[in-house]
Amino acid sequence: MTAGTSPSRPVRTVFLVATEESGDRLGASLMKTLRQRLGADVRFQGVGGGGMEREGLVSLFPITDLSIMGVAAVARQLPMILRRIRETTAAVIAASPDTLVIIDSPDFTHRVARRVRKRAPSIPIIDYVSPTVWAWRPGRARAMRGYVDHVLALLPFEPDAHRRLGGPPCTYVGHPLFQERAVLRPSAAEAARRAAHPPVIVVLPGSRRSEVRHMIGAIGKTLDRLHTMGIEFEPVLPTLPHVHGLVLEAVRGWTVKPRIVVGEDDRRAAFRMARAALAKSGTVTLELAIAGVPMVTGYAATAIEAFVARQLVKAFSAILPNLIVGEAVIPEYMQSLWAPEHLAPALRDILGDTPLRQRQIEAFARLDEIMSTGVQSPSERAADIVIAHLRTKTP
């Protein structure tokens with residue numbers, strides 16, 4: 001018997017697969033909670049990043065191998081991607097874990113899950129983070145029934161979506177951002193700065209190099225147009241180290257220079273003081289909504305990406321807070337509409353005490369009730385379901 005293990009319970013093996021930083025954070029929190037629940041009676045194997053490795057995982061390969069963006073880049077790296085899928089599948093089969101937890105990144109993780117289910121159908125498979133079946137390719141939900149035993153949803157409307165679409169059992173476990181609302185919401189001093197003049201506007205062109213290239217030009221022209229409209233403001237541009245140089249180069253020619261901040265703490269400090277935001281659609285819109293920051297959003301992609309999206313996307317909005325509250329309170333400007341002649345007036349309209357601004361603030365106030373998970377954290381709710389799906393074993 002391994003030192004420290006219970007004499008009456010077998011050691012349980014949980015195999016986790018996360019290939020992006022956001023999934024790695026979810027996986028690390030889940031591992032920590034499972035160890036709190038099961039102690040030395042649980043061990044972990046799989047694929048993950050730094051967070052999961054700090055919790056004791058030895059990753060099969062670096063997840064940076066799969067940090068590939070763009071159709072052309074994926075095509076060039078396809079042999080390597082397929083090899084990693086085969087390697088991961090083989091490792092799961094060899095480990096014969098008590099459950100397999102796939103975390104987000106469905107283009108990779110679902111291919112692994114389908115192969116595992118075919119070769120080792122007795123291994124329970126949990127999908128942590130639902131694919132966006134409610135937005136596009138809804139047929140995926142029904143297909144998932146063949147290889148996923150339970151979905152752990154981050155968004156409160158997803159269980160209903162899976163029931164409607166014939167997907168696997170699905171439970172809302174909560175979004176990690178909602179658990180961080182205390183650090184997203186302003187102190188008294190920060191609230192005073194949010195209300196003061198000139199107002200802080202945060203501008204967010206994205207976290208990937210391709211996004212920054214497509215989004216940032218219109219942001220600079222929008223700030224210039226706001227300035228020429230006679231509106232005083234203080235622009236702040238939060239960014240990340242891996243795109244910092246690209247951002248610096250892009251803003252060099254701007255008439256209105258933003259204050260650029262790098263890192264999580266400074267970004268959230270900017271959110272707590274911001275009166276409004278101009279942001280790329282994505283998870284950051286939920287972060288801003290929880291922080292209570294009215295916003296203008298949108299996205300500009302390549303012509304091919306835009307064509308594909310028009311054919312496939314079924315949701316009434318691409319903005320997470322809109323989907324969660326069930327109405328289009330946040331304006332979104334896509335493709336050719338992501339332009340200063342549209343964005344500047346929209347920003348002006350949420351800087352003042354206008355009905356448009358108030359409508360967003362009232363909608364954001366409903367998030368606490370809609371997104372609540374009670375006394376349990378997302379990782380605790382997720383751990384409950386993972387433990388319930390462990391293969392039955394006798395000591």
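No side-chain heavy atom of Gln36 sits under 4.5 Å from any side-chain heavy atom of Glu380. Side-chain contact between Asp127 and His110 is present, with heavy atoms from C-beta onward closer than 4.5 Å. The side-chain heavy atoms of His175 and Leu155, taken from C-beta on, include a pair separated by under 4.5 Å. Between Gln179 and Thr373 there is a side-chain heavy-atom pair separated by less than 4.5 Å.
Judged by distance alone, with hydrogens and angles left aside, the side-chain atoms of Thr109 form a donor-acceptor pair with the main-chain N or O of Asp104 at under 3.5 Å. The backbone N or O of Thr171 lies less than 3.5 Å from no partner atom in the side chain of Arg381, so there is not a single donor-acceptor pair. At least one donor-acceptor pair closer than 3.5 Å links the side chain of Asn322 to the backbone N or O of Ile330. For Arg43 (side chain) and Val11 (main-chain N/O), no donor-acceptor pair under 3.5 Å exists by modelled atom type. With Gln360 contributing its side chain and Met295 its backbone, the two residues share a donor-acceptor pair below 3.5 Å. Remark: the backbone N or O of Ser207 is paired with a side-chain donor or acceptor of His242 at under 3.5 angstrom. A donor-acceptor distance shorter than 3.5 angstrom exists from the side chain of Thr99 to the backbone of Pro124, with no hydrogens or angles considered. Proximity of a side-chain donor or acceptor of Thr228 to a complementary backbone N or O of Arg225 within less than 3.5 Å is detected. Counting only distance, with no hydrogens or angles, the side chain of Ser59 and the backbone of Gly48 share a donor-acceptor pair below 3.5 Å. In this structure, the side chain of Arg272 engages the main chain of Val183 through a donor-acceptor pair within 3.5 Å.
Taken from CG in Leu237 to CG in Leu204, the straight-line distance is 7.0 Å, to the nearest 0.5 Å. Atom CD of Glu287 sits about 7.5 Å away from atom CD of Glu180, to the nearest 0.5 Å. Interatomic distance, CD1 of Ile201 versus CD1 of Ile350, reported as 8.0 Å (0.5 Å rounding). Note that the CD1 atom of Ile219 and the CG atom of Leu223 stand 7.5 Å from one another [nearest 0.5 Å]. Distance CD/Glu53 to CE/Met31: 9.5 Å, rounded to 0.5 Å. Here the straight-line distance linking atom OH of Tyr147 with atom CG of Leu100 works out to 12.0 Å at 0.5 Å rounding.
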TODO: Let me see the working for Glu362 and Arg359 under salt bridge (charged side-chain N to carboxylate O under 4.0 Å, His left out), right down to the final yes or no.
DONE: CA-CA 5 Å; Glu362 289 172 356; Arg359 187 181 178 211; over 6 Å; no

- [ ] Quick one: do Val293 and Arg194 satisfy side-chain contact (heavy atoms from CB on, under 4.5 Å)? Show the steps, please.
- [x] CA-CA 9 Å; Val293 183; Arg194 179 177 284 186; 3.5 Å; yes

- [ ] Please report the C-alpha distance between Phe44 and Arg35 in whole Å, then the side-chain angles of each, then the deciding distance to 0.1 Å, and finally whether the side-chain contact (heavy atoms from CB on, under 4.5 Å) criterion is met.
- [x] CA-CA 10 Å; Phe44 302 108; Arg35 188 176 290 107; 3.3 Å; yes

Task: Criterion side-chain hydrogen bond (donor to acceptor under 3.5 Å, both in side chains) on Glu332 and Ser317, from CA distance to verdict - done: CA-CA 8 Å; Glu332 46 194 310; Ser317 174; 2.6 Å; yes

TODO: Give the intermediate values and the outcome of side-chain contact (heavy atoms from CB on, under 4.5 Å) for residues Met144 and His162.
DONE: CA-CA 10 Å; Met144 286 168 61; His162 275 277; 4.1 Å; yes

- [ ] Quick one: do Leu30 and Val14 satisfy side-chain contact (heavy atoms from CB on, under 4.5 Å)? Show the steps, please.
- [x] CA-CA 11 Å; Leu30 177 60; Val14 177; 5.9 Å; no

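Cluster annotation: Met273 is not connected to Leu351 through the hydrophobic network of ILVMFWY side chains, with a link wherever side-chain heavy atoms come within less than 4.5 Å. Hydrophobic clustering, with ILVMFWY side chains joined whenever heavy atoms are under 4.5 angstrom apart, groups Leu248 together with Met215. Grouping the Ile, Leu, Val, Met, Phe, Trp and Tyr side chains by contacts below 4.5 angstrom, directly or via other members, places Leu78 with Phe61. Clustering ILVMFWY residues whenever any of their side-chain heavy atoms sit less than 4.5 angstrom apart, transitively, puts Val17 in the very cluster that holds Met80. If you chain together hydrophobic residues whose side chains sit under 4.5 Å apart, Val112 and Leu82 fall into the same group.
Note on Arg83 versus Glu87: salt bridge recorded, some NZ/NE/NH1/NH2 to OD/OE distance being below 4.0 Å. Salt bridge present: Arg252 and Glu249 bring a charged side-chain N and a carboxylate O closer than 4.0 Å. Salt-bridge check for Glu190 with Arg193: failed, with every basic side-chain N at 4.0 Å or more from each acidic carboxylate O. Ion pair Arg140/Asp107 not flagged as a salt bridge, since none of the NZ, NE, NH1 or NH2 atoms sits closer than 4.0 Å to an Asp/Glu carboxylate oxygen.
Because its NZ or CZ atom is not both nearer than 6.0 Å to the ring centre of Phe108 and within 45° of the ring axis, Arg84 does not count as a cation-pi partner of that residue. Annotation: cation-pi geometry not satisfied between Arg268 and Phe271 (NZ/CZ under 6.0 angstrom from ring centroid, within 45° of ring axis).
Annotation for Arg259: atom CZ does not count as buried by contact number, only 12 or fewer foreign heavy atoms lying within 6.0 Å. Shown here is Glu21, whose CD atom has no more than 12 heavy atoms of other residues, nucleotides or ligands within 6.0 Å. Other residues, nucleotides and ligands contribute more than 12 heavy atoms inside 6.0 Å of the CD atom of Glu264. The neighbour count for Arg54 CZ, taken as heavy atoms of other residues, nucleotides or ligands under 6.0 Å away, does not exceed 12.
For the residue pair Ser379 / Ser29, no side-chain donor-acceptor distance below 3.5 Å is found, with atom types taken as modelled. Looking only at atom types and distance, the side chain of His227 has no donor-acceptor partner in the side chain of Thr255 under 3.5 Å away.
Relative orientation of the Trp134 and Phe157 rings is perpendicular, given thresholds of 30° and 60° on the angle between their planes.
Screening residues 115-124 for side chain to side chain donor-acceptor pair (under 3.5 Å) gives Arg117-Asp149, Ser122-Arg391 as the qualifying pairs, with residues at least two apart or on separate chains.
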